[in-house]
Amino acid sequence: MSEKSAIGEKFGDGELRTDLEPLTKRFSALGTPVGAEWMGGTLGDAPGPTTYWIDAVIEVEPAVADELRATYAPEAVSTPPDVVSGIQDKLPAGPLLSSDALDSAVAGGGFATDVYVAQDEPFVVLAAYGSSS
């Protein structure tokens, strides 16, 4: 699997994953998720340090979603998250909210993130990349 994104070409095995530990160890601001569907891999195919990517739709506890919305003042976005096609059909149906403060709060484990929280549901979408495996 290979797909172009705003941050480079994403390479991965195409496997849709549901294990939580790789997400919880990197993104502790999400608490203990209820569930997740995600994909990951590497960016580009040039020699040198490897940059990894993770695209995920994560169901969080309702209180976590409420806290993210209340604390980081995300606003509605008009463009969908830059995630691979295997995750696009998993996106929440309603409006998504995002802010720079939300991105910074969730980033962790060596990853930078674009984070979106569903306006009316306990779902978080993230497109993350970094040098941590």
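Since this is a predicted model, take the numbers as computed values, not measurements.
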- Under the salt bridge (charged side-chain N to carboxylate O under 4.0 Å, His left out) test, residues paired with Asp66 that sit two or more places apart: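 Here the qualifying residues are Arg69.
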Closest approach of [X] and [Y], non-hydrogen atoms and distance?
X      : Y      : answer
Phe27  : Val106 : CD2-O, 3.4 Å
Pro74  : Leu97  : CB-CB, 3.5 Å
Gly130 : Phe111 : N-CD2, 3.5 Å
Leu96  : Ala118 : CD2-CA, 3.8 Å
Asp89  : Gly86  : OD1-O, 3.4 Å

Would you give the length of the straight line joining atom [atom1] of [X] to atom [atom2] of [Y], rounded to the nearest 0.5 angstrom?
X      : Y      : atom1 : atom2 : result
Leu102 : Thr113 : CG    : OG1   : 7.5 Å
Arg17  : Glu37  : CZ    : CD    : 13.0 Å
Phe123 : Leu91  : CZ    : CG    : 11.0 Å
Leu126 : Ile58  : CG    : CD1   : 4.0 Å
Lys10  : Tyr52  : NZ    : OH    : 16.0 Å

Without swapping roles, check the side chain of [X] against the backbone of [Y] for a donor-acceptor pair under 3.5 Å.
X      : Y      : answer
Glu75  : Ser99  : no
Trp53  : Thr42  : yes
Trp38  : Leu20  : no
Asp55  : Val84  : yes
Thr24  : Glu21  : yes
Asp103 : Val115 : yes

Any side-chain heavy-atom pair of [X] and [Y] under 4.5 Å:
X      : Y      : answer
Leu30  : Val124 : yes
Pro122 : Val34  : no
Pro92  : Val125 : yes
Leu16  : Ile87  : yes
Tyr72  : Asp100 : no

